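Please read the structure below before turning to the comments.
In this text, all values refer to a predicted model and were calculated from it rather than measured experimentally.
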Amino acid sequence: MQKHLKPIRRVISIAMLVAIGFLFLDFSGAVPSSWFKGLTWLQFVPSLMHFCQTLGHGLAVTAYGFVVVLVLSLLFGRVYCSYLCPLGILMDLLSWVSAKVHLIRKKKLRFRFAPPKTSLRYSIFIVVCLSLFTGNIFLINLLEPYSNFGRFVSDLLRPLYMLGNNIFVRVFEALGSYALYPITVAKTHPLALLLPSGMLALVIWLSLRRGRLYCNTVCPVGTLLGLLSKASLYKIKFDAKECNRCGNCVFVCKSQCIDLKKKEIDFSRCVGCGNCLGACDKTGIRYALGFSAKPKEKAEHATQPSPPHTLAQHTLAQHNLTDGQPADASKRCFVLGSAFSIAALGGLSAKALAQNLPQERSEGEAKGCEKGCSKIEVVATRVATPPGSRNQNHFAGACTACHLCVSACPSGVLKPSLFEYGFWGMLQPFMDYNAKFCNYECTRCTEVCPTGAILPLTVEQKLTTQIGIVRFERENCVVVTAGTSCGACSEHCPTKAVTMVPHEGELTIPEINPDICIGCGACEYACPVTPYKAIVVDGLLEHKQAQKPTTEQLKEKPREDFAF
């Protein structure tokens with residue numbers, strides 16, 4: 001049965017990878033909202049974050065997924081890393097591709113035992129924990145496996161997926177079929193793609209060369225589950241009587257944690273993939289009770305000669321499996337870890353993170369502008385966080401920047417931030433009203449967030465949730481600068497917080513009612529003035545409850561499309 005763990009793991013892991021990947025790729029809204037919470041339920045950090053954010057407020061079932069992962073780790077070791085973690089499964093897929101490439105080149109990809117980088121591994125883990133205690137989750141956002149996978153798919157793969165869809169649309173139309181429809185590919189600031197691209201390059205490089213080195217050195221989830229695995233009920237162990245030191249298990253171990261010379265397995269680094277179990281010709285390595293008595297192999301080995309080896313096995317033991325690091329490697333790792341610690345502890349807390357930097361969103365310089373152009377620079381005092389995030393402190397302390405809400409947003413108003421929240425809030429989504437506006441009755445982002453950074457809202461609650469307040473710069477309005485009528489902001493406003501009042505002669509100009517404004521950004525998006533907008537939305541640190549517009553205020557039906 002144990003030899004079948006590898007194919008079982010492959011089926012489960014591929015299904016998990018495809019399912020979670022499609023959550024980020026789906027642009028048609030075909031995936032029901034309930035599926036999002038179901039598929040992300042067992043993702044460790046999102047579930048733990050959700051638990052912390054909803055503690056004392058009536059915990060949802062989705063907040064207990066991390067407990068299941070902890071129990072599995074205490075029973076069987078780090079099976080989460082091979083069966084459920086999408087980033088770990090992606091690494092396995094890359095290793096499989098690398099093995100196939102080696103076969104084509106008539107070479108065989110073989111791993112070998114590598115000593116653990118203990119100092120670096122635990123230094124990173126301690127720093128991440130300390131930063132969490134100070135309220136800064138930037139390091140979790142940077143290193144957490146699920147969120148990294150989400151950014152890879154949402155920011156890098158999804159645009160290519162959408163472009164591919166548009167290509168197929170043209171092909172199908174040429175064949176007379178209209179089963180597909182074209183999609184506008186959302187634009188992201190190029191600098192916001194640098195970090196996901198860099199992390200993807202690192203993951204690919206480490207996976208191709210060193211298997212699961214990222215999981216066993218950098219990933220804080222892997223380190224935590226590795227500590228628990230030391231006390232797991234069942235562990236993969238050697239059977240001293242059955243093992244003939246053939247080395248097959250070592251060659252397929254992506255974690256490089258099998259020391260054949262000592263017949264020991266560093267189970268804190270083992271990800272439970274089952275490769276070694278399937279590779280063993282006998283039963284020399286198998287799952288067994290973790291607290292069973294240790295074999296007397298070491299004592300016997302000290303007094304008896306080792307069993308005869310073939311020349312190949314002797315070479316393997318002398319070269320491939322005993323190849324250690326230089327004596328000072330551990331010190332170098334400790335120095336790197338210490339430097340990393342100092343840099344991280346110099347970071348800002350989540351409270352400081354919430355004090356946003358002004359967003360520079362001008363489209364050009366006003367110098368030399370012709371009639372009708374705006375001349376007064378108007379930018380929002382701070383960007384708005386998504387509805388359901390309650391306040392910017394809550395959002396900054398819970399969002400791991402997985403970008404699932406960015407992918408699910410039907411209007412495309414949610415974008416990965418660059419420095420809109422400051423450096424330590426990098427990549428956390430913000431409402432970009434230059435790109436689009438928040439649909440009035442849409443609650444999609446509140447339904448899919450796995451961490452509790454965006455809490456669920458009903459449609460009725462969403463209609464009066466005030467995430468920002470509009471601000472009007474009269475001197476930038478085209479009615480003043482060009483003496484022409486407009487009204488785009490009022491026509492787009494779903495609550496009629498912006499209305500047109502008499503100005504000069506037959507002209508009308510916007511007037512603001514902040515009490516019924518919800519900060520959806522429709523007015524800012526619709527404003528045609530360049531290079532500076534005449535109307536912007538200032539995000540609120542604390543979301544408020546707006547007044548419901550009266551029937552009289554809503555008598556003019558809002559338009560869905562841009563006025564011009």
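Across Thr283 and Asp239, no two heavy atoms sit closer than the pair O-CB, 3.5 Å. Between Arg245 and Leu260, the shortest heavy-atom contact is NH1-O, 3.0 Å. Of all the heavy atoms in Cys449 and Gly452, the pair that sits closest is SG-N, 3.7 Å. Between Val448 and Leu404, the closest heavy-atom pair is O-CD2, 3.4 Å.
Residues Leu455 and Thr446 fail the side-chain proximity criterion, which asks for heavy atoms closer than 4.5 Å. A heavy-atom distance below 4.5 Å is not found between the side chains of Arg444 and Cys409. For the pair Ile236/Phe267, a side-chain contact is recorded, criterion being any heavy-atom separation below 4.5 Å from C-beta on. The shortest distance between side-chain heavy atoms of Cys257 and Val271 does not fall below 4.5 Å. When side chains are defined from C-beta on, Pro145 does not count as touching Pro86, because their heavy atoms never get closer than 4.5 Å. The shortest side-chain heavy-atom distance between Pro386 and Leu414 falls under the 4.5 Å cut-off. Using a 4.5 Å heavy-atom threshold, the side chains of Cys273 and Arg9 count as touching. Counting only heavy atoms from C-beta outward, the side chains of Lys415 and Val406 never approach each other to under 4.5 Å.
Looking at Ser407 and Ser154, their side chains do bring a donor and an acceptor atom within 3.5 Å of each other. For Arg112 and Gln256, the side-chain atoms include no donor-acceptor pair closer than 3.5 Å. Side-chain atoms of Asn391 and Ser389 include no donor-acceptor pair closer than 3.5 Å.
The aromatic rings of Phe24 and Tyr146 sit tilted relative to each other, their planes meeting at an angle between 30° and 60°. Note on ring orientation: taking the six-membered ring where Trp is involved, the planes of Phe419 and Phe423 are parallel (angle under 30°, cut-offs 30° and 60°).
Distance check: Asn141 CG to Asn148 CG gives 9.5 Å after rounding to the nearest 0.5 Å. Interatomic distance, CG of Leu75 versus NZ of Lys235, reported as 13.0 Å (0.5 Å rounding). With rounding to the nearest 0.5 Å, the separation of CD in Gln53 from CG in Leu48 is 10.0 Å. Separation of atoms CD (Glu447) and SG (Cys445) is listed at 8.5 Å; rounding is to 0.5 Å. Here the OG1-CG distance, from Thr134 to Leu132, works out to 7.5 Å after rounding to the nearest 0.5 Å. In this structure, the separation between CZ on Phe395 and OG1 on Thr385 is 6.5 Å, given to the nearest 0.5 Å.
Taking the six-membered ring for Trp, Phe66 and Phe51 have ring centres closer than 6.0 Å.
In this view, Phe76 and Tyr234 satisfy the ring-ring contact (aromatic ring centres under 6.0 Å, His included) rule, not counting sequence neighbours.
No option in Ile258, Asp259, Asp266 other than Asp259 meets the side-chain contact (heavy atoms from CB on, under 4.5 Å) test with Phe113.
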Item checked: Residue pair Trp96, Arg10: steps toward the side chain to side chain contact (heavy atoms under 4.5 Å, CB included) verdict -> CA-CA 11 Å; Trp96 178 81; Arg10 280 184 169 178; 3.9 Å; yes
Note to self: One pair to check against side chain to side chain donor-acceptor pair (under 3.5 Å): Thr40 and Gln43. What are the steps and the verdict?
What the structure shows: CA-CA 5 Å; Thr40 58; Gln43 297 308 309; over 6 Å; no
Show every donor-acceptor pair shorter than 3.5 Å between a side-chain atom in residues 211-225 and any protein atom, with sequence neighbours excluded, or say none if there are none.
| unit_1 | atom_1 | unit_2 | atom_2 | d |
| --- | --- | --- | --- | --- |
| Arg212 | NE | Asp92 | OD1 | 3.0 |
| Arg212 | NH1 | Cys81 | O | 3.4 |
| Arg212 | NH2 | Cys81 | O | 3.0 |
| Arg212 | NH2 | Gly88 | O | 3.1 |
| Arg212 | NH2 | Asp92 | OD1 | 3.3 |
| Arg212 | NH2 | Asp92 | OD2 | 3.0 |
| Tyr214 | OH | Leu143 | O | 2.9 |
| Asn216 | OD1 | Arg78 | NH1 | 2.5 |
| Asn216 | OD1 | Arg78 | NH2 | 3.3 |
| Asn216 | ND2 | Arg212 | O | 3.4 |
| Asn216 | ND2 | Arg269 | O | 3.2 |
| Thr217 | OG1 | Leu213 | O | 3.1 |
| Thr223 | OG1 | Cys219 | O | 3.2 |

